[in-house]
Amino acid sequence: MNHMVVSRMRIDWDYARWRRTLEIYRIDGIPKFTSSKADRDRLIELIDDYRQDGPEIEACPHILKATAGKTLVTDDNMGIE
């Protein structure tokens, strides 16, 4: 929930595609979401939360103005995650 998705092109938030991606998402070969009712309900909850509350989308000019004069974060100056 604390990330940025950036692009030089307009980003079209596609909830159906996002759900399809989550449905097949695997970590170390293990599905993150199964066909169980609990997992299906969780997927619906995630999608519905985003539809109602976000994602908060800011246009590039607004972000550039808000961050003017700030240090650019790169792989070379990031902290340890």
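Among all heavy-atom pairs drawn from Trp18 and Ile47, the shortest one is CE3-CD1, 2.9 Å. Smallest separation of non-hydrogen atoms from Asn77 and Thr74: OD1-N, 2.7 Å.
Members clustered with Ile27: Tyr25, by chain and number, using a 4.5 Å side-chain heavy-atom cutoff among hydrophobic residues.
Side chain of Asp28 to backbone of Ile30: no donor-acceptor contact under 3.5 angstrom is found. In this structure, the side chain of Thr67 does not engage the main chain of Lys70 through any donor-acceptor pair within 3.5 Å.
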Apply side-chain contact (heavy atoms from CB on, under 4.5 Å) to Phe33 and Leu46, showing your working. CA-CA 12 Å; Phe33 297 96; Leu46 282 169; 3.8 Å; yes

Under the side-chain contact (heavy atoms from CB on, under 4.5 Å) rule, what do Lys32 and Asp39 come out as? Steps first, then yes or no, please. CA-CA 9 Å; Lys32 181 63 179 157; Asp39 280 355; over 6 Å; no

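For Arg40, there are no salt bridge (charged side-chain N to carboxylate O under 4.0 Å, His left out) partners at least two apart in sequence or on another chain.
Ile44 and Leu22 fall into different hydrophobic clusters, where Ile, Leu, Val, Met, Phe, Trp and Tyr residues are linked whenever their side-chain heavy atoms come under 4.5 Å apart, directly or through other members.
Using a 4.0 Å cut-off between charged side-chain N and carboxylate O, Glu45 and Arg42 make a salt bridge.
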